[in-house]
Amino acid sequence: MVSPKSVLFVCLGNICRSPLAEGAFRAAALRAGLVVEIDSAGTGGWHIGDAPDPRAQTEAARHGVDITGLRARQVERADFTRFSHIFALDEANLADLRRLAPSNATAQLMLLMDLLPDAAGQSVADPYYGGPEDFAQTWGEVSAAAEALVARLIQG
Ligand code: 4NP
């Protein structure tokens, strides 16, 4: 069954950006009293079963969000009917998702930053080869998008 409000965040490895997006959105949804199924996944399979990157865990913790229990998984075909919305963290992820989507896909595919009018069309940069400041920037971007998503879902 497709829950009317079920969201999946997708990046490449599912250890940096999409776990931060998942954590930020879980926290924002909880604050707003919004009941919604939330998950994240990667288009790539290198990190399946791994916890989020320690730098991502640290950044989330700085904002009071615990993402240590998350484990990476790869996007699967069933995701395209299980979730109502799938948010790609960057353009390459979006292109990969469009390619992977089965013909019976029902999920709405979007670029995460399209939730923010001022940042529409932008990608969330991969912080994997960066430093703590890059993870802080990622948090800023995904948490702003998470707040916008909560507002949108509350409106219905
Ligand atoms: P993410 O970052 O897509 O934000 O999780 C990456 C993590 C790992 C790799 C690439 C990006 N990797 O190539 O292993």
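As the structure lists them, so they are numbered: ligands from 1, and atoms in each ligand from 1.
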Atom 1 (P) of ligand 1: the protein heavy-atom neighbour that sits closest, reported with distance to 0.1 Å: C11 SG, 3.5 Å
Ligand 1 contact on L89 by region, counting heavy-atom pairs under 4.0 Å: neither
Closest protein heavy atom (residue, atom, distance) for atom 10 (C) of ligand 1: L12 CD2, 3.6 Å
Donor on one side chain, acceptor on other, D96 and N93, under 3.5 Å: no
Ligand-side contact atoms (ligand 1) for residue partner R17, heavy atom cut-off under 4.0 Å: 1 (P), 3 (O), 4 (O), 5 (O)
Lys/Arg N to Asp/Glu carboxylate O, D79 vs R73, below 4.0 Å: yes
Heavy atom of the protein closest to atom 2 (O) of ligand 1 (residue, atom name, distance): D126 OD1, 3.2 Å
Donor-acceptor contact below 3.5 Å, side chain S18 vs main chain S40: no
Contact (N/O only, under 3.5 Å) between Y129 and ligand 1: no
Sidechain N-carboxylate O distance under 4.0 Å for R82, E76: no
Side-chain donor-acceptor contact under 3.5 Å, Q137 with E141: yes
Sub-4.0 Å atoms of ligand 1 with respect to non-hydrogen atoms of G13: 1 (P), 3 (O), 5 (O)
Plane angle bin for F25 and F9 - parallel if under 30°, tilted between 30 and 60°, otherwise perpendicular: perpendicular
Sidechain N-carboxylate O distance under 4.0 Å for R17, E22: no
N or O pair under 3.5 Å between H47 and ligand 1: yes
Proximity of I15 to ligand 1 by residue part, where a heavy atom lies under 4.0 Å: both
Short side-chain to backbone donor-acceptor contact, R55 and G130, under 3.5 Å: yes
C16 neighbourhood, listing ligand 1 atoms whose heavy-atom distance to it stays under 4.0 Å: 1 (P), 2 (O), 4 (O), 5 (O)
Min N/O separation S18 to ligand 1 under 3.5 Å: no
